[in-house]
Student: 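Let me begin by handing over the structure; questions about it come next.
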Amino acid sequence: MKLYAPSTIKELKERHGFRLSKSLGQNFLTDKNIIDHIIEDSLIGENDLVIEIGPGIGVLTAEAARAAAKVIAIEIDKGLIPILRETLKEYDNVIVLNQDVLKTDLKALIQEHGRGGKVRIIGNLPYYITTPIIMKILEDQIPADSITAMMQKEVADRIKAAPGSKIYGALSVAVQYYCTVEQILSVPREVFVPQPKVDSAVLRMDVRREHPVELADENMFFQCIKAGFEQRRKTLLNSLTGTAGISKDGIREILAAAGINPARRPETLDLCEFAAIANLMVDYTKDHQE
Ligand code: SAM
């Protein structure tokens, strides 16, 4: 069965009485080359555990099952479960869970099913929750080696943006702190059924073994980034004032110690500069505790 063929999708839908849900971001892939490319560039080894987010009718799942030791596919839509049972029946190394990935304990799954190989998270992600899914995996420090994810092109562009670019923001800094990011594919909207209104891109985010900067307190770093990008037109001095309860004079002192011009815009700062400021903020709050 050519799972990726639009005629197969149509036939499965009709036979199982399945109705596509727009609100769950259901756009199914219909291009075999793109499917192969995603699987190949996910670097799945034969001992690896793959966690797939949103298998749909199983086009990526089936290919991942051929490459990996085990695949756990997490699908929120219970209407797709009987379809997946049928399309994946020849693979005895696939577990399908009918769950919301945002409420799934991925650490526990990895602990239970990981067998010493790498852990590869893959998915053609539902657009409406791409950022929460990626940030959950990273912030919860899920022990995965990589995340290969299809997403709306604009989100991919933001994730890989460099300092100084208009689209560089908190998401770029956060993902780049945890991962190295590589775009492996551009995907036109025409290869999906139904066709979305936007183009897509696939990023492979390799989770870093060591963080690129030393942080005294990760929380402070993320507070600092959040404050920095909240109002992009403000100067660094103004946007950071009040962060962690630090006054304008305090921020001025911190920026001087970091050798960073307070009139700069936050979006010109790289990871190391944000880290330097956050570390000085930690020292400052310790020194100024009553
Ligand atoms: N992997 C399939 C493909 O490439 O054809 C389907 C991809 S489709 C863009 C996204 C899938 O994620 C849908 O099957 C949808 O039902 C599922 N999904 C949406 N929200 C989810 C959530 N919170 N947890 C798990 N799966 C979800």
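Read the numbers this way: they start at 1 and go in the same order the structure lists the ligands and their atoms. All values reported here derive from a predicted model rather than from experimental measurement.
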Student: Could you tell me which atoms of ligand 1, counted from 1 in the order shown, lie closer than 4.0 angstrom to a heavy atom of Asp100?
Tutor: 22 (C), 23 (N), 24 (N)
Student: Tell me whether ligand 1 is touched by Gln99 - counting only heavy atoms on the residue side and a distance under 4.0 Å.
Tutor: yes
Student: Heavy-atom contacts under 4.0 Å between Ile57 and ligand 1: side chain, backbone, both, or neither?
Tutor: neither
Student: Answer yes or no: does an N/O atom from Asp77 fall short of 3.5 Å to an N/O atom of ligand 1?
Tutor: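 Looking only at distances, the answer is no, because the N/O contact criterion of under 3.5 Å is not met.
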Student: Provide, to 0.1 Å, the distance between atom 3 (C) of ligand 1 and the closest protein heavy atom, together with that atom's residue and name.
Tutor: Asn124 ND2, 3.5 Å
Student: Closer than 4.0 angstrom, basic N to acidic O: yes or no for Arg204 and Asp41?
Tutor: no
Student: Would you sort out whether Ser172 and Arg158 count as a side chain to side chain donor-acceptor pair (under 3.5 Å), showing the intermediate values?
Tutor: CA-CA 6 Å; Ser172 333; Arg158 276 169 47 214; over 6 Å; no
Student: Please verify whether a non-hydrogen atom of Glu52 lies at under 4.0 Å from ligand 1.
Tutor: yes
Student: Apply side chain to side chain contact (heavy atoms under 4.5 Å, CB included) to the pair Leu125 and Val155, showing each step before the final yes or no.
Tutor: CA-CA 11 Å; Leu125 299 182; Val155 179; over 6 Å; no
Student: If you apply the rule side chain to side chain donor-acceptor pair (under 3.5 Å), what do you find for Asn238 with Lys248, and how did you get there?
Tutor: CA-CA 7 Å; Asn238 284 335; Lys248 193 171 228 172; 2.9 Å; yes
Student: Counting only heavy atoms, which portion of Ile129 has something under 4.0 Å from ligand 1: side chain, backbone, both, or neither?
Tutor: side chain
Student: So, Lys32 and Glu63, do they make that salt bridge, N to O below 4.0 Å?
Tutor: yes
Student: Counting heavy atoms only, which of Ile76, Thr130, Ile9, Leu24 comes nearest to atom 22 (C) of ligand 1?
Tutor: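 Looking at heavy atoms only, Ile76 sits closest to atom 22 (C) of ligand 1.
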Student: Which atoms of ligand 1 are found less than 4.0 Å from any heavy atom of Glu75?
Tutor: 13 (C), 14 (O), 15 (C), 16 (O), 17 (C), 26 (N)
Student: Consider ligand 1: state whether an atom of it lies below 4.0 angstrom from any non-hydrogen atom of Asn27.
Tutor: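 Asn27 counts as a contact of ligand 1 under the 4.0 Å cut-off.
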Student: Is it the case that ligand 1 has an N or O less than 3.5 angstrom from some N or O of Leu29?
Tutor: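 Between Leu29 and ligand 1, an N or O pair is found under 3.5 Å apart.
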Student: Heavy-atom pairs closer than 4.0 Å: do any link ligand 1 to the side chain of Val59, the backbone, both, or neither?
Tutor: side chain
Student: Please indicate whether any nitrogen or oxygen in Gly54 is less than 3.5 Å from any nitrogen or oxygen in ligand 1.
Tutor: yes
Student: So His211 and Tyr177, would you call those rings parallel, tilted or perpendicular, with 30° and 60° as cut-offs?
Tutor: parallel
Student: In terms of hydrophobic clustering (I, L, V, M, F, W, Y; side-chain heavy atoms under 4.5 Å; direct or indirect links), are Ile129 and Leu203 co-clustered?
Tutor: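 Cluster IDs for Ile129 and Leu203 match.
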Student: Mind checking whether Tyr127 contacts ligand 1 via backbone (N, CA, C, O), side chain (CB onward), both or neither, at a 4.0 Å heavy-atom cut-off?
Tutor: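 For Tyr127, no heavy atom sits under 4.0 Å from ligand 1.
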Student: How are the rings of Tyr168 and Phe229 set relative to one another: parallel (under 30°), tilted (30 to 60°) or perpendicular (over 60°)?
Tutor: perpendicular
Student: May I ask whether Ile74 places a heavy atom under 4.0 Å from ligand 1?
Tutor: yes
Student: Give me the one residue out of Ile122, Thr61, Thr148 that meets side chain to side chain contact (heavy atoms under 4.5 Å, CB included) with Val50.
Tutor: Ile122
Student: Quick one: which ligand 1 atoms are inside 4.0 Å of a heavy atom on Leu80?
Tutor: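 Contacts of ligand 1 toward Leu80, numbered from 1: 14 (O).
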Student: Grouping I, L, V, M, F, W and Y whenever their side-chain heavy atoms are under 4.5 Å apart, do Ile72 and Ile44 come out in a common cluster?
Tutor: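 Shared cluster, no.
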Student: Nearest protein heavy-atom contact for atom 2 (C) of ligand 1: which residue, which atom, what distance?
Tutor: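 Of the protein heavy atoms, Pro55 O, 3.3 Å lies nearest.
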Student: Regarding atom 8 (S) of ligand 1: of the candidates Gly56, Pro196, Ser23, Gly25, which has the closest heavy atom?
Tutor: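 Among Gly56, Pro196, Ser23, Gly25, the closest heavy atom to atom 8 (S) of ligand 1 comes from Gly25.
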Student: Between Ser21 and ligand 1, find which residue part has any heavy-atom pair under 4.0 Å and reply side chain, backbone, both or neither.
Tutor: neither
Student: Just to check, does Tyr128 reach to within less than 4.0 Å of ligand 1 when the distance is taken from its heavy atoms?
Tutor: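 Contact check Tyr128 vs ligand 1: positive.
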Student: Would you indicate whether the side-chain heavy atoms of Arg85 and Val96 approach each other to under 4.5 Å?
Tutor: no
Student: Check each atom of ligand 1 against the heavy atoms of Val101 and keep those under 4.0 Å away; list them by number with element.
Tutor: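 Once the distances to Val101 are compared, the set is 22 (C), 23 (N), 24 (N), 25 (C).
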Student: Tell me if a side-chain donor or acceptor on Gln176 pairs with a main-chain N or O of Ala161 at a distance below 3.5 Å.
Tutor: yes
Student: Quick check on contacts: which atoms of ligand 1 are under 4.0 angstrom from a heavy atom of Gln26?
Tutor: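 Taking each heavy atom of Gln26 in turn, ligand 1 has 13 (C), 15 (C), 16 (O) under 4.0 Å.
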Student: For the residue pair Phe192 and Asn27, what are the closest heavy atoms and their distance?
Tutor: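 For Phe192 and Asn27, the tightest heavy-atom pair comes out as CD2-O, 3.7 Å.
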